[in-house]
Amino acid sequence: ARRQAGGPYPFWTFMLNIVILAAGMGKRMRSDLPKVLHALAGRPMLHHVLDSARQLDPARMVVVVGHGADQVRAACADQPDVHFALQQPPQGTGHAVKQAAPLLQESGSGDVTLVLYGDVPLVQPDTLRRLLQAASAGALAVLTEQLEDPTGYGRIVRDGQGRIRAIVEHKDASPDQLAIKEVNTGILAAPTARLKQWLERIGNDNAQKEYYLTDAISLAVADGVAVESAQPGAPWETLGVNSRAQQAELERTWQREQARRLLEAGVTLADPDRFDLRGTLSCGRDVYIDVGCVFEGKVELADGVRIGPYCVLRDVRLGEGARVEAFSHLDGAQAGTGARIGPYARLRPGARLGARSHVGNFVEIKNSSLGEDSKANHLAYVGDADVGARVNIGAGTITCNYDGVNKHRTVIEDDAFIGSDTQLVAPVRVGRGATLGAGTTLTRDAPADKLTLSRAKQVTVESWRRPAKKP
């Protein structure tokens, strides 16, 4: 919790607390879901803030909850390092931080508390490190930004020497103060002991009758504490979400930023404005991604991989030169070098494709391996199966893996040929080099290097006549 010189963040040596305000109702979202749980890039906004906070290695993280408190707690149930404070009823940001004060850890006068917001999800760790560096000598540090249109933001009031003297909320600002373009983002870092004292002294004599955290700045000035500032690395880092429209705008902003990073890394995107990353994506050299693709979870694409339009990949690993054609869905799957998938293919969790294997249109593979150079080119279901190398699976083939209660496996050994419209009733094994005739329903093992088939005798009924309409 206390960073020492020579550690990963050598510019501070204090105990760090982080308070995240997440008590707001978000009326303009018009939703029963607490605002901080609305998704950005496929994850709750609050989780993005927590991820950035963890990269600072704090001694304590406190989330202040209010509206939908139980839902917010449940959304963080798998994160034991998160502590909660309840603000009820809401009475402003100063009141919110005051509820967290008893949970903050202290080891000395130099300890610092960083205040973040659950509906400002994209602030980056490097920006927060600069803010903490500004606060590392006992100062109060605020994150500020210059805006051409500062309407609605608190203004940063400086004296003739450029020192910050106060923050004035928009509704309380004079005409001269309204002309100021440097605004408060709401994010600040303050000495923990001092912050607790200021929270006790903050009043609510303002237009909103709320306890503003920003009043701590004027209290710091009065106490002779230096007030420093830092600026975000990018303007989008401090954008907040108060409505569905702002949520959609921020989603596009973040996706364009992800696209920019991929382009700089050498990935070709057919259209950066039609790309969605909702997890992590690592790419080798000369990767091509067509329009409308969605990447979720952890996706790894090796050199030369090509992804066709309108594909969805979730927790997928593709080998060098693999190709995914249009409208394919891959979930929890992996494919080897030179594999070909789609169009309109579906790989479900546990699908493992060997090098140069082919899975074609309207083929579904689940919890199964497909060996090198094997192919299932169209209209097949392969579930709970181990398929060897150089196997051909004909159109309409189904592994009947479910008996209504339990799943059973099918084994197809190397060089087997499975004719079209075949049903393999598991558990069953097809021997090496075996051939199954088209239309076979296999209920017993098929021996190696033999032709196995099951068909009813073909009959022609000479007396049959096609029905005709009655006059």
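Computation of the quantities below employed the complete heavy-atom set of this structure, encompassing side-chain atoms and omitting hydrogens, waters and symmetry-equivalent molecules. Remember, predicted model here, so these are calculated numbers, not experimental data.
Looking at R130, its side chain does come within 3.5 Å of a backbone N or O of Q231 through a donor-acceptor pair. Between the side chain of R60 and the backbone N or O of L103, at least one donor-acceptor pair lies under 3.5 Å. Proximity of a side-chain donor or acceptor of H67 to a complementary backbone N or O of K35 within less than 3.5 Å is not detected. No donor-acceptor pair under 3.5 Å is formed between the side chain of S368 and the backbone N or O of D386. No donor-acceptor distance shorter than 3.5 angstrom exists from the side chain of R201 to the backbone of L199, with no hydrogens or angles considered. Between the side chain of E237 and the main chain of Q124, a donor-acceptor pair closer than 3.5 Å is present. In terms of modelled atom types and a separation under 3.5 Å, the side chain of D172 and the main chain of V168 share no donor-acceptor contact. Looking at N361, its side chain never comes within 3.5 Å of a backbone N or O of Y344 through a donor-acceptor pair. Remark: side-chain polar atoms of S218 are paired, donor with acceptor, to backbone N or O of D215 under 3.5 angstrom. Looking at N17, its side chain does come within 3.5 Å of a backbone N or O of Q105 through a donor-acceptor pair.
Within the 4.5 Å cutoff, the side chain of L239 has no heavy atoms near those of the L122 side chain. A 4.5 Å side-chain heavy-atom check between V63 and L50 finds at least one atom pair inside the cut-off. Between D315 and E296, every side-chain heavy-atom pair lies at or beyond the 4.5 Å cut-off. Contact check for D70 versus R73: side-chain heavy atoms found under the 4.5 Å cut-off. Under the 4.5 Å side-chain criterion, counting only non-hydrogen atoms from C-beta, F295 is not in contact with D276. When side chains are defined from C-beta on, Q79 counts as touching R54, because their heavy atoms get closer than 4.5 Å. In this structure the side chain of Q87 reaches within 4.5 angstrom of the side chain of H95, judged on heavy atoms. Side chains of T410 and N401 form no contact here, defined as non-hydrogen atoms less than 4.5 Å apart.
The two residues G284 and D303 make their nearest non-hydrogen contact at CA-OD1, 3.2 Å. A385 and R409 make their closest contact through O-NH2, 3.2 Å (heavy atoms, listed as atom of the first residue, atom of the second, distance). The two residues R155 and V183 make their nearest non-hydrogen contact at CD-CG1, 4.2 Å. Heavy atoms only, all atoms of each residue included: C311 and G308 are closest at SG-O, 3.4 Å. Nearest heavy atom pair, residue G138 against residue P191, reads O-CG, 3.4 Å. When all heavy atoms of T192 and V112 are compared, the closest pair comes out as OG1-C, 3.2 Å.
The aromatic rings of W254 and W236 stand perpendicular to each other, their planes meeting at an angle above 60°, with 30° marking the opposite boundary.
Between the side chains of E251 and Q247, not a single donor N or O lies within less than 3.5 Å of an accepting N or O. A donor-acceptor contact closer than 3.5 angstrom is absent between the side chains of R158 and T144. Side-chain atoms of T151 and D149 form a donor-acceptor pair, as typed in the model, at a separation below 3.5 Å. For the residue pair E372 / S357, no side-chain donor-acceptor distance below 3.5 Å is found, with atom types taken as modelled.
When the shell of 6.0 Å around CG of D205 is examined, it contains 12 or fewer heavy atoms from other residues, nucleotides or ligands. Heavy-atom neighbours of D159 CG from other residues, nucleotides or ligands within 6.0 Å: above the threshold of 12. For R317, the CZ atom is loosely surrounded, since the number of other residues' heavy atoms within 6.0 Å does not exceed 12. Atom CZ of R285 has 12 or fewer neighbouring heavy atoms from other residues, nucleotides or ligands inside a 6.0 Å radius. Residue Y212 qualifies as enclosed at atom OH: its count of foreign heavy atoms under 6.0 Å is above 12. Remark: K366 NZ is packed, more than 12 non-hydrogen atoms of other residues, nucleotides or ligands lying under 6.0 Å away. Dense packing is recorded around OH of Y288, with more than 12 heavy atoms of other residues, nucleotides or ligands lying under 6.0 Å away.
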**Prompt:** Run the side chain to side chain contact (heavy atoms under 4.5 Å, CB included) check on V267 and L301 step by step: do they pass?
**Reply:** CA-CA 10 Å; V267 177; L301 308 180; over 6 Å; no

**Message:** Would E257 and R260 count as a salt bridge (charged side-chain N to carboxylate O under 4.0 Å, His left out) here? Give the steps.
**Reply:** CA-CA 5 Å; E257 173 63 15; R260 182 192 66 80; 2.6 Å; yes

**Item:** Verdict with supporting geometry, L21 and V97, side chain to side chain contact (heavy atoms under 4.5 Å, CB included)
**Value:** CA-CA 7 Å; L21 304 189; V97 177; 3.9 Å; yes

**Request:** Could you walk me through whether L140 and R194 pass side chain to side chain contact (heavy atoms under 4.5 Å, CB included), step by step?
**Result:** CA-CA 9 Å; L140 185 156; R194 290 276 196 175; over 6 Å; no

**Message:** Let's go through L33 and H38 carefully: what are the C-alpha distance in whole Å and the side-chain angles of both, what is the deciding distance for side chain to side chain contact (heavy atoms under 4.5 Å, CB included) to 0.1 Å, and is it a yes or a no?
**Reply:** CA-CA 7 Å; L33 188 69; H38 282 265; 3.8 Å; yes

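Separation of atoms SG (C76) and NE2 (H83) is listed at 12.0 Å; rounding is to 0.5 Å. Atom-to-atom distance recorded for S243:OG and M29:CE is 7.0 Å, nearest 0.5 angstrom. In this structure, CE in M45 is found 8.5 Å from CG in L250, a value given to the nearest 0.5 Å. The distance from atom CG of L195 to atom CD of E200, rounded to the nearest 0.5 Å, is 10.5 Å. Distance OG1/T127 to CD1/I187: 8.5 Å, rounded to 0.5 Å. In this structure, H408 NE2 and C400 SG are separated by 11.5 Å, a value rounded to the nearest 0.5 Å.
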